[in-house]
Amino acid sequence: MKSDIQLLELASGIKDALISSGFLTIKSVLNSTALDISSKLRVDLYIAQIIFQEAKRVEAEMTKIPAPLDVNSAVPVY
């Protein structure tokens with residue numbers, strides 16, 4: 001399974017620490033709590049909350065459905 005952790009906009013050291021601690025996917029981060037992340041990575045709870053929020057942001061971007069092209073606005077009206 002390929003890790004999507006690299007999609008997170010976090011320092012590379014934090015991403016490496018996530019992977020080393022068993023967080024191989026964004027979903028695995030989101031299935032944990034900030035307290036779990038803090039404990040496993042040995043970082044402050046504040047940092048763990050930032051990691052969790054970034055995972056939520058990236059997941060939302062990945063699941064966003066693009067708006068359909070509005071064909072009517074592309075056709076000039078005479």
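The residues of the chain are indexed from 1 along the displayed sequence. Note: hydrogens, waters and symmetry copies are ignored here, and every other heavy atom, side chains too, is used.
- Taking Ala17 as the reference, Leu41 meet the side chain to side chain contact (heavy atoms under 4.5 Å, CB included) condition, with sequence neighbours excluded.
- Checked by atom type, the side-chain pair Asp36/Thr33 shows a donor-acceptor distance below 3.5 Å.
- With rounding to the nearest 0.5 angstrom, the NZ atom of Lys27 is 8.0 Å from the CE atom of Met62.
- Classification of Glu59 and Lys56 as a salt-bridged pair fails, no side-chain N sitting under 4.0 Å from a carboxylate O.
- A continuous path of Ile, Leu, Val, Met, Phe, Trp and Tyr side chains, each step under 4.5 Å between heavy atoms, connects Tyr46 with Phe52, placing both in one hydrophobic cluster.
- Heavy atoms only, all atoms of each residue included: Val43 and Ser38 are closest at O-OG, 2.6 Å.
- Considering only residues two or more places apart in sequence or on other chains, Ser39 meets the side chain to side chain contact (heavy atoms under 4.5 Å, CB included) condition with none of them.
- Leu8 has its side chain out of reach of Ile14: every pair of non-hydrogen atoms, C-beta onward, lies at least 4.5 Å apart.
- Ile26 and Ala55 make their closest contact through CG2-O, 3.5 Å (heavy atoms, listed as atom of the first residue, atom of the second, distance).
- Atoms CD and CD1, on Gln53 and Ile51 in that order, are 11.5 Å from each other to the nearest 0.5 Å.
- For the atom pair Leu30 CG and Thr25 OG1, the distance stands at 8.5 Å (nearest 0.5 Å).
- The shortest non-hydrogen separation linking Lys15 to Ile5 is CD-O, 3.4 Å.
- In plain terms, the two heavy atoms of Gly22 and Ser28 that are nearest each other are O-OG, 4.4 Å.
- The two residues Glu9 and Glu54 make their nearest non-hydrogen contact at N-OE2, 2.7 Å.
- Here the closest non-hydrogen pair linking Lys40 and Ser21 is O-OG, 3.5 Å.
- Judged by distance alone, the side chain of Ser3 and the main-chain N or O of Leu24 form a donor-acceptor pair under 3.5 Å.
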